[in-house]
2 protein chains.
Amino acid sequence: MKWKRSERLVDMTYYLLEHPHQLIPLTYFSDLYQSAKSSISEDLTIVKETFEEKGIGLLTTVPGAAGGVRYIPKMSEQEVKHIIQELIIQLGQSDRLLPGGYLFMTDLLGNPDFMNRVGKVFASVFAEQQIDVIMTVATKGISIAHAIARHLNVPVVVVRRDSKVTEGSTVSINYVSGSSRRIQTMVLSKRSMKSGQRVLITDDFMKVGGTVNGMKSLLEEFECELAGIAVLVEAEHADERLVDDYYSLVKLHEVNEKDRIIELSEGNYFQKGRL
Amino acid sequence: MKWKRSERLVDMTYYLLEHPHQLIPLTYFSDLYQSAKSSISEDLTIVKETFEEKGIGLLTTVPGAAGGVRYIPKMSEQEVKHIIQELIIQLGQSDRLLPGGYLFMTDLLGNPDFMNRVGKVFASVFAEQQIDVIMTVATKGISIAHAIARHLNVPVVVVRRDSKVTEGSTVSINYVSGSSRRIQTMVLSKRSMKSGQRVLITDDFMKVGGTVNGMKSLLEEFECELAGIAVLVEAEHADERLVDDYYSLVKLHEVNEKDRIIELSEGNYFQKGRL
């Protein structure tokens, strides 16, 4: 069957979006569509220009026999600003206030469309870095970790509080929880990572940074390297902060339980600039 | 700016893929691209035919003033078969064998590309059903739940073993774990679901079905309805099974720890037929 350009464009767009950060040889498309490489190149130019125009992402071309094309998800700054504003409005609703000054965020973490966009924000930041693994801690960080992972095409590993038989052999560490100063335990399946891998740590919420710091210690046990830290919300605790090099979308300043006011602002995403 | 058809096709494909199961008015596209509705209709016919030809999914059109177009992710039977075969090969590797006859599956659950495809399999099965929520239990079911949710455009709720301050008020139930016959507890944030919602339950592994049964009891507490059950792997325990109406991709027959042999076969997916 001979494909028309219009059909090729639809199918190619689908295929590229489903395979982010993967090098796809031009022969894959020319064989699939029974078309000359020159036609495929023209198709890809149209896709590339539209992706860039609309802030969908980049198509990078690697020349030569071992070359091909690669889709890099990239979000426009305007869209990131929009997501941050949405998050500030959502999290500022007074009915999210929980006893002890905590915020209810579980609904946002369970919203697949919102998580998909948050994942693309962080995948954009780390698009040019070598990332081999995304690490998070159970339970609430998992949806963010998977959302980032899908856009970077790398696996997710989940650190747990307790060891389970289904995890096989595990490595366990003790760490000091930042806010309560209690000793806590973290375990990770031994098979999760290989030494030398570069790891992006992510979580939904960071207070002093004790949990993130615990994950950093785990990286050392696995002889892995920290590639970056991405959190959805950071709480203002700068003086006691255990972690300094991270990206956050939103900063939680103050929670006034009496008047039921939640004060939020933009996180450090734009201050840090793109990598 | 006036858009060319080729550019519209690329952008439209992207937009539709990012908004599964959402009704998009034709005016959205005609305004965005500054094009006549008749041109947009022609574009959508091309997208629709390519999506169907390639087994990407369906585009359904709702006529009239309140109408529009909707992308329904649907996987071809051939691709489902391919995923099941891949899963059987992967899970049959003898180094997955853990003490007690358990299988190590964490790496598959952390693979975003594989999870995305598994999510599309189950989203295809339940595409014509009214699903309001996907429910799973922490920790291992979360990646499957989110993968399905993304293709159905519905939220995920995560049942936990313990109550956390960040969940707010919770509903808690006791249930009998199927295999060990121990009494266990499950909790779910009260805000997670509204009465009357239709819920798809999912998990990575089902033995006797105690955990799934526990989630069914939780549904009753919330006055919600069971819409379906989807598990990645079921273990052969048909005689004692507590749950009967479910979809599985793979069935685990026997684990021979001595000879390190894992026996697997296709689950009930194709026997049950599409809904």
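Atom set for the values below is all heavy atoms of this structure, side chains included, hydrogens, waters and symmetry mates excluded. Each chain gets a letter, A, B and so on, in the order the sequences are listed, and its residues count up from 1.
- Between A:Asp132 and A:Arg198, none of the side-chain N atoms (NZ, or NE/NH1/NH2) sits under 4.0 Å from a carboxylate O, so this pair counts as no salt bridge.
- Contacts between B:Ser143 and chain A at a heavy-atom distance below 4.5 Å involve backbone atoms as well as side-chain atoms.
- The choice from B:Ser6, B:Ala138, B:Pro20 that makes the most heavy-atom pairs within less than 4.5 Å of chain A is B:Ser6.
- Neither the backbone nor the side chain of A:Lys48 comes within contact range of chain B, judged by heavy atoms closer than 4.5 Å.
- Of the possible donor and acceptor atoms, none in the side chain of B:Asp203 sits under 3.5 Å from a partner among the backbone N and O of B:Val231.
- Most heavy-atom pairs under 4.5 Å with chain A, from the set B:Asn153, B:Val154, B:Leu103, B:Leu152: that is B:Val154.
- Checked against the 6.0 Å centroid threshold, A:Tyr15 and A:Tyr28 count as a close aromatic pair.
- For A:Arg5, no part lies near chain B; criterion is any non-hydrogen pair under 4.5 Å.
- Per-residue counts of heavy-atom pairs under 4.5 Å with chain B were compared for A:Lys164, A:Arg160, A:Glu49; the largest is that of A:Arg160.
- A donor-acceptor pair is defined here as one N or O able to donate and one able to accept, closer than 3.5 Å; such a pair exists between the side chain of B:Lys120 and the backbone of B:Ile56.
- With salt bridges taken as basic N to acidic carboxylate O contacts below 4.0 Å, one links A:Glu86 and A:Arg117.
- Annotation: maximal heavy-atom pairing with chain A below 4.5 Å, among B:Asp11, B:Asn111, B:Val157, occurs at B:Asp11.
- Using a 4.0 Å cut-off between charged nitrogen and carboxylate oxygen, A:Asp107 and A:Arg96 count as a salt-bridge pair.
- Atom OH of A:Tyr102 has 12 or fewer heavy atoms from other residues, nucleotides or ligands within 6.0 Å.
- Neither the backbone nor the side chain of B:Arg8 comes within less than 4.5 Å of any heavy atom in chain A.
- Interface remark: B:Thr106 contributes side-chain atoms only to the contact with chain A (heavy atom separation under 4.5 Å).
- Listed for the B:Gln197 side chain is a donor-acceptor partner under 3.5 Å among the backbone atoms of B:Lys194.
- Counting heavy-atom pairs closer than 4.5 Å to chain A, the top-ranked of the candidates B:Thr50, B:Leu16, B:Val133, B:Val156 is B:Thr50.
- Listed options A:Asp95, A:Asp113, A:Val158 were ranked by heavy-atom pairs under 4.5 angstrom with chain B; first place goes to A:Asp95.
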